[in-house]
Amino acid sequence: QVVFALNQTLLQQESLRAGSFQIPYTTEDLIKHYSCGDLSSIIFNHDTSQVPNFINATLPAHERITAQEIDSYFRQELIYKRNQRMGRRVKDLLEEYPNKSFFFAFGAGHFMGNNTVIDVLRREGYEVDHTPAGQAI
């Protein structure tokens, strides 16, 4: 699976360089949507937006199965479990020090797709509000 993932990543990078493959959104698009708090945007709404997408119709059946296994692993290990851990750490700190104020800052990846850190905290009963850029806290 590692060799397959590496080969697919290299093929995608070669296609990007050759101009035959384009990313559907730019870094500026990501920054704009993130800054505006538009985390429900199509850009942020895919579980696999943080990991390479190896699944495509041109793969032979046995390679498609390998790609699906890798995608499932990435989604579970790199997205869901990571956000669960981050959310639990925030919750534990808030409960351990109920009279303290906290400011938590996370990379944008913790807010992308489904089962984000925000989703974890909301399921625990916390209210989470977006603070737009430039707004005083």
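Keep in mind the model is a prediction, meaning the values are calculated, not measured. Every heavy atom of this structure was used, including side-chain atoms; hydrogens, water molecules and symmetry mates were not.
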Would [X] and [Y] show up in the same hydrophobic cluster when neighbours are defined by side-chain heavy atoms closer than 4.5 Å?
X     : Y      : result
Ile65 : Tyr73  : no
Leu10 : Val3   : no
Val90 : Ile118 : yes
Leu11 : Ile70  : no

| Phe102 atom CZ, neighbour heavy-atom count above 12 within 6.0 Å |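 Buried by this count: over 12 neighbours within 6.0 Å.
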Roughly how far, to the nearest 0.5 Å, is the [atom2] atom of [Y] from the [atom1] atom of [X]?
X     : Y      : atom1 : atom2 : answer
Thr66 : Glu69  : OG1   : CD    : 5.5 Å
Arg64 : His62  : CZ    : NE2   : 10.5 Å
Met86 : Leu121 : CE    : CG    : 10.0 Å

| Shortest non-hydrogen contact between Glu95 and Tyr126, atoms and distance |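 Residues Glu95 and Tyr126, closest heavy atoms: CG-OH, 3.5 Å.
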| said: Quick one, Arg88 with Val120, criterion side-chain contact (heavy atoms from CB on, under 4.5 Å). Give me CA distance, side-chain angles, the key distance, then yes/no. | reply: CA-CA 8 Å; Arg88 260 196 319 270; Val120 170; 5.7 Å; no
| said: So Arg123 and Asn115, do their side chains get closer than 4.5 Å, heavy atoms only? | reply: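 In short, these two side chains touch, coming nearer than 4.5 Å.
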| said: Can you confirm whether Leu94 sits close enough to Phe104 that some side-chain heavy atom of one is under 4.5 Å from a side-chain heavy atom of the other? | reply: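 A side-chain contact under 4.5 Å exists here.
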| Heavy-atom donor-acceptor pair, Ser72 side chain to Gln68 backbone, under 3.5 Å |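 Checking the backbone N and O of Gln68 against the side chain of Ser72, no donor-acceptor pair under 3.5 Å is found.
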| said: Tell me if a side-chain donor or acceptor on Asp119 pairs with a main-chain N or O of Thr116 at a distance below 3.5 Å. | reply: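 Answer holds: yes.
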